[in-house]
Amino acid sequence: MLTVLGIETSCDETAAAVVRLDENGQGEILSNIIHSQISDHEAFGGVVPEIAARAHIAILDSLIKKAMTEAGLAYDDLSAIAATAGPGLIGGVIVGLMSAKAIAMAANKPLLAINHLEGHALTARLTNKVAFPYLLLLVSGGHTQFLLVKGMGDYERLGTTIDDAIGEAFDKTAKMLGLSYPGGPAVEKAAAQGDAKAYPLPRPLLDRPGLDMSFAGLKTAVRTAALKEEPVSDLVVNNLCASFQAAVADVIGQRSARAFALFQERFPQTPAKMVIAGGVAANNAIRSRLQEVAAAHNGELVAPPHKLCTDNAAMIAWAGIEQLRHQQAQNGTIPSENGVDDDMQVSPRPRWPLDQLSQSVFGSGKKGAKV
Ligand code: KG4
Ligand code: ZN
């Protein structure tokens with residue numbers, strides 16, 4: 001049995017959770033506490049790194065206490081402490097990682113430094129028992145990438161945005177059109193009442209091979225169209241949102257079709273599965289497009305519950321459990337309680353690609369840090 005406390009502070013959610021793996025290999029979330037900082041950043045129309053770091057400091061200790069109390073455990077009952085060590089906003093990552101180091105040191109438990117992206121990548125194994133290999137589409141405010149998840153620690157980036165993350169494009173579009181933050185849900189709501197054919201917006205990079213994407217040009221096209229329509233009426237807003245969302249769905253749909261085809265080529269014997277993660281996965285237009293694409297390839301779209309798709313600490317604790325289980329299988333042991341072989345020496349990393357061989361793409365995603 002393995003029990004891990006997870007801590008997540010890489011962006012604008014402060015989170016702590018306890019997850020357990022029982023003797024039968026069944027994962028269970030014992031507690032999952034998330035505090036969203038949306039109200040702290042709302043006035044700025046996006047996440048302000050300095051405000052985020054301060055907000056993590058203000059609340060993280062009480063969240064950890066709450067997670068432990070809800071799980072009904074003492075630190076001594078834990079197998080390890082897992083914390084996001086990157087990629088993300090460095091101030092926030094420092095807060096979470098240093099808190100985890102302090103607890104690990106005081107409780108004499110191993111520290112596990114987790115890559116935030118690995119947390120997203122492995123969640124579906126906790127919630128839906130998905131077996132390796134599978135495709136992952138990570139679409140949030142900070143990331144937009146296709147990954148091939150081949151095994152523990154074995155990830156291949158198939159494609160990424162070369163500029164804005166999709167969630168960021170939704171947020172900026174909303175801001176331009178005077179809608180509320182976060183922009184995704186507001187744009188989706190407006191789009192439901194608009195005509196997706198009203199504005200012929202571009203589908204950037206669709207004519208290029210590969211799986212990379214671009215959304216900055218699309219965002220600029222929305223701005224240009226909006227400026228031509230000044231003053232912008234509700235009808236124009238609805239139509240622009242619908243046209244923007246349709247363009248995003250087309251890009252994601254075409255790239256996903258390619259991802260499924262590539263998977264089938266590489267793993268002809270394995271039924272193709274694509275797991276979606278990140279806040280944008282909540283978008284119904286995008287989700288139904290992905291479902292169509294999956295069905296057309298005799299594949300399956302796997303969507304973990306929304307609360308575990310967006311940033312949370314249960315995914316960090318689970319990634320810690322997966323690491324311990326992997327180490328156990330490889331070496332017959334896990335890091336010892338006096339910290340030997342654990343990650344205590346690890347530094348916080350603003351950039352930390354999951355696929356070490358992939359090229360760094362500057363400007364991919366919000367803050368340009370999450371590649
Ligand atoms: O994964 P997430 O909660 O956090 C980080 O990005 O760190 O994702 C938030 C992003 C925001 O950009 C938000 O606008 C977007 O996900 N989002 C959506 C929807 N709900 C949230 N985008 C499109 N449609 C939605 N329904
Ligand atoms: Zn995330």
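Start at 1 and go down the list; that is how both ligands and their atoms are numbered. Nothing here was measured: the structure is a model prediction, and the numbers come from that model.
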Worksheet item: Hey, does R289 have a side-chain heavy atom less than 4.5 Å from the side chain of E292?
Response: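 Yes, side chains in contact.
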Of the non-hydrogen atoms in [X] and [Y], which two are nearest, and what is the gap between them?
| X | Y | result |
| --- | --- | --- |
| D342 | P110 | OD2-CA, 3.5 Å |
| I276 | P304 | O-CD, 3.3 Å |
| G27 | W318 | CA-CZ3, 3.9 Å |

Taking only heavy atoms of [X], which atoms of ligand 1 are found under 4.0 Å from at least one of them?
| X | result |
| --- | --- |
| T310 | 1 (O), 3 (O) |
| E188 | 25 (C), 26 (N) |
| G142 | 6 (O) |
| G278 | 1 (O) |
| D171 | 11 (C), 12 (O), 13 (C), 14 (O) |

Practice prompt. Have a look at G184, G141, G88, P185 and point out the one with the heavy atom closest to atom 6 (O) of ligand 1.
Written response: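 Selected option, by shortest heavy-atom distance: G141.
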Discussion item. Angle at the Zn ion (ligand 2), NE2 of H116 to NE2 of H120, rounded to 10 degrees, please.
Written reply: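 Taking the Zn ion (ligand 2) as the apex, the two atoms subtend 90°.
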If we only count N/O pairs under 3.5 Å, is [X] in contact with ligand 1?
| X | answer |
| --- | --- |
| E13 | no |
| G167 | yes |
| G279 | yes |

Worksheet entry | Residues R258 and E265 bridged, charged N to O under 4.0 Å |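 Looking at R258 and E265, the cut-off is not met.
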Worksheet item: Between E70 and K66, is there a salt bridge with N-O shorter than 4.0 Å?
Response: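 The answer is no: the pair does not qualify as a salt bridge.
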Discussion item. Below 4.0 Å, non-hydrogen atoms only: which portion of C11 touches ligand 1? Side chain, backbone, both or neither.
Written reply: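 Side chain only.
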Item to complete: May I ask you to establish whether R125 and Y134 are in a cation-pi arrangement, using a distance under 6.0 Å from NZ or CZ to the six-membered ring centre and at most 45° from the ring axis?
Response: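 Judged by the rule (NZ or CZ under 6.0 Å from the ring centre, within 45° of its axis), R125 is not positioned above Y134.
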Discussion item. Please name the atom of D311, limited to N, O or S, that comes nearest to the Zn ion (ligand 2).
Written reply: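 Of all N, O or S atoms belonging to D311, OD1 is the one nearest the Zn ion (ligand 2).
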Discussion item. Below 30° counts as parallel, above 60° as perpendicular, anything between as tilted: where do the rings of H297 and F260 land?
Written reply: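 It falls in the parallel class, under 30°.
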